[in-house]
There are 2 protein chains.
Amino acid sequence: MNDVAKLADVSLKTVSRVVNGTESVSAAKAVRVEAAIRELGFRRNEQARQLRQGTTATIGLIIEDLADPFYSTLARAVEEVAHAHHHALLVSSSAEDPRRAEELVRSLSGRGIDGLIITPAEGMDPRVLAAEGEAGCSLVFVDRPSVDVDADTVLVDNRGGTAAGVRHLLAGGHRRIAFVGDTASLYTAQERRIGYLEALETAGIERDDNLVLMANPAAPESGEAFLALLDQADPPTAILAGNNRWSVRVVRLLRQRGIGVALVGFDDFELADALEPPVSVVAQDPAAVGRLAAELLFSRLAGDTGPRQHIQLGATLIPRGSGERAPR
Amino acid sequence: MNDVAKLADVSLKTVSRVVNGTESVSAAKAVRVEAAIRELGFRRNEQARQLRQGTTATIGLIIEDLADPFYSTLARAVEEVAHAHHHALLVSSSAEDPRRAEELVRSLSGRGIDGLIITPAEGMDPRVLAAEGEAGCSLVFVDRPSVDVDADTVLVDNRGGTAAGVRHLLAGGHRRIAFVGDTASLYTAQERRIGYLEALETAGIERDDNLVLMANPAAPESGEAFLALLDQADPPTAILAGNNRWSVRVVRLLRQRGIGVALVGFDDFELADALEPPVSVVAQDPAAVGRLAAELLFSRLAGDTGPRQHIQLGATLIPRGSGERAPR
DNA sequence: CTGTTAGCGCCTTCAT
DNA sequence: ATGAAGGCGCTAACAG
């Protein structure tokens with residue numbers, strides 16, 4: 001910028017004015033400065049500008065796993081809103097590791113992001129996040145609520161969605177409905193199980209813990225646990241799968257067994273409609289989660305100091321065939 | 001940092017030394033400084049540090065669409081390598097828009113990223129990218145080659161992979177093999193078509209342009225174009241789908257028609273093995289593309305000034321059933 | 001081992 | 001409308 005000023009024979013500040021276009025500069029000088037900028041290929045150094053102004057025009061996003069379709073769709077929506085607000089997006093995956101998540105928060109925070117959208121990993125130290133809020137970094141939690149931190153949240157109606165799936169199976173005449181969810185320590189898995197239990201209770205059906213399996217859908221031994229659930233004396237005639245990983249696994253296992261049990265999955269997935277039979281699901285809208293979280297964040301950055309918002313998005317039942325099979 | 005220095009009654013520079021841990025400081029002072037840091041909740045401002053050092057410990061990634069499984073898997077791999085090198089990752093989607101891609105490059109570049117991994121959008125002004133190289137920002141192209149820019153590249157063997165898929169169909173006795181690829185302006189679509197044509201030529205089969213369709217798999221009218229291809233007088237007995245979007249669409253359309261044409265898809269996709277019949281594919285390894293590109297970038301950042309590297313990754317045929325159907 | 005000085009590139013304040 | 005001076009928070013280069 002100094003070089004530009006010299007070449008155009010004006011002061012540093014005049015160049016700054018031309019570059020920013022905020023204050024007025026005489027036409028003659030503006031032309032000279034612009035010519036000099038072109039000649040030198042000058043580009044404003046954002047870092048220096050940000051250091052001075054105390055803003056980075058960057059927001060952070062910490063999710064479980066960027067390669068997971070749910071999170072990559074959410075991230076894409078956040079990115080779109082950030083782009084519309086002329087902000088860049090720093091993305092990181094915590095990989096379900098609370099220590100790594102804490103490290104990422106500190107790392108992003110040190111880079112001076114203006115705001116942070118985060119899916120908190122189970123077991124994170126809430127103080128790390130609370131420190132952000134105090135440091136003036138706006139915080140929005142997605143998919144899971146904040147633990148001991150007062151901040152905006154955007155969640156999905158896990159209980160209601162699961163209950164709707166269970167009611168659909170009940171309406172189809174099923175009475176022995178199993179719930180197969182992810183590890184019990186996960187917030188979303190807990191909520192969905194509660195929704196399942198509530199729907200059964202409302203229908204006056206007694207709870208049977210032999211019909212509930214909570215396990216990591218990626219672990220090999222989970223497959224055997226599921227088959228054991230199927231093979232019990234009074235087996236389920238329908239299954240509610242607690243996430244799309246389990247839905248996929250259940251489809252494969254049922255196929256191997258050649259059993260026509262009814263199935264409703266929580267969370268939609270690509271090609272669910274092209275399987276045989278097409279898989280009925282309770283669909284979340286990950287793009288809407290990301291979009292709303294980002295819009296909430298930018299409204300905070302714009303100065304909205306209203307009360308904390310806790311947005312809950314609905315989940316929609318999509319009947320496709322697998323959930324409409326009659327009980328044996 | 002000034003406050004810490006005052007509280008610990010040492011100089012600014014001593015605090016800096018303690019924070020960075022590089023130079024040696026007497027134990028007594030170090031303890032005092034550390035106590036002061038804790039008391040004040042001091043955290044080093046990365047921005048200021050970076051401004052001074054001229055490095056940001058941040059790399060950029062510009063891809064077509066973060067929500068696309070191919071790119072999100074690639075991005076996840078890049079992120080992992082960046083994390084191992086203590087770098088953050090700025091991610092942006094160009095959405096196939098060359099103007100937006102140029103804007104993103106300038107935006108990321110202004111933020112002073114140390115390096116950039118990019119899938120160039122068709123129609124981008126090469127000067128925008130060339131400017132980065134000159135500005136000292138290392139550049140690696142992925143999935144598509146650089147256009148008029150001398151930089152490292154990591155590509156997939158699109159021609160060889162497609163040719164392998166075609167040879168597999170030929171070995172199964174097919175002679176009328178169609179190629180259904182994405183818009184002809186896309187680099188990867190062009191390459192895969194060339195691989196298809198080369199494999200046919202090697203086998204001594206005459207080229208028939210009625211068996212080639214190049215169109216956007218997401219456009220409604222593409223479905224009709226595909227059905228027209230199937231309905232011609234001398235129809236194909238096998239199809240090579242040029243990307244996973246087309247594979248999925250072909251599966252659905254064939255299903256509607258109830259036709260048992262053989263199918264091999266380029267690029268693997270989730271649940272390809274759970275469809276009826278399971279879809280044979282020529283699989284790319286998006287994670288490997290991302291990992292190698294990031295490793296290449298960091299070796300450049302570490303000072304490797306060797307000749308430009310042009311890495312080409314293979315694509316592997318995975319027979320699953322749909323590609324093994326005999327010709328009618 | 002420790003402190004002082006200067007400056008990264010820009011913007012804000014206050015003069016003119 | 002313009003410019004000079006000062007400082008954002010930190011670290012490199014030099015003294016001691």
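What you see is a predicted model, and the numbers here were worked out from it, not measured in a lab. In what follows, every chain begins at residue 1, and chains take the letters A, B, ... in the order their sequences are listed.
If you check every strand for non-hydrogen atoms under 4.0 Å, A:V25 touches sugar and phosphate atoms only. Residue B:N2 is out of contact with every strand shown, counting any heavy-atom pair closer than 4.0 Å.
Contacts of residues 40-47 of chain A with DNA chain D (heavy atom under 4.0 Å): none.
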Please tabulate, for side-chain N and O atoms in residues 25-32 of chain A, each donor-acceptor pair with protein atoms closer than 3.5 Å (sequence neighbours left out).
| unit_1 | atom_1 | unit_2 | atom_2 | d |
| --- | --- | --- | --- | --- |
| A:R32 | NE | A:A8 | O | 2.8 |
| A:R32 | NH2 | A:A8 | O | 3.0 |
| A:R32 | NH2 | A:D9 | O | 3.4 |

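Residue pairs meeting the ring-ring contact (aromatic ring centres under 6.0 Å, His included) criterion with at least one member in residues 31-80 of chain A: none, sequence neighbours excluded.
Annotation: side-chain hydrogen bond (donor to acceptor under 3.5 Å, both in side chains) contacts of B:D68 (sequence neighbours excluded): none. Listed by chain and number, the residues in a side-chain hydrogen bond (donor to acceptor under 3.5 Å, both in side chains) with B:R106 amount to none (sequence neighbours excluded).
Listed for the A:R300 side chain is a donor-acceptor partner under 3.5 Å among the backbone atoms of A:G306. Without hydrogens or angle criteria, B:E46 side chain to A:R111 main chain gives no donor-acceptor distance under 3.5 Å. Looking only at distances, no side-chain donor or acceptor of A:S107 sits under 3.5 Å from a matching main-chain atom of A:E103. A side-chain donor-acceptor contact under 3.5 Å links A:T58 to the backbone of A:T56.
Atom CG in A:L51 sits about 10 Å away from atom C1' in C:dC11, given to the nearest Å. Between A:R111 atom CZ and D:dC10 atom C1' the separation is 16 Å, expressed in whole Å. Taking atom CG on A:D3 and atom C1' on C:dC10, their separation rounds to 14 Å, with Å as the unit.
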Look for any protein N or O under 3.5 Å of an N or O in nucleotides 12-16 of chain D and output each such pair with its distance, or none.
| unit_1 | atom_1 | unit_2 | atom_2 | d |
| --- | --- | --- | --- | --- |
| D:dA12 | OP1 | B:Q53 | OE1 | 2.9 |

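Closest approach to the B:L12 side chain among D:dG3, D:dC10, C:dG3 is made by D:dC10 (side chain taken as heavy atoms from C-beta onward).
The phosphate of C:dC10 (OP1 or OP2) has no side-chain N or O of A:S16 nearer than 4.0 angstrom. An OP1 or OP2 oxygen of D:dA1 is reached within less than 4.0 angstrom by no side-chain nitrogen or oxygen of A:T14. Taking side-chain N and O atoms only, B:S26 has a distance below 4.0 Å to OP1 or OP2 of C:dT2.
Between B:H87 and B:F298, the two ring planes are perpendicular [angle over 60°; tilted spans 30° to 60°].
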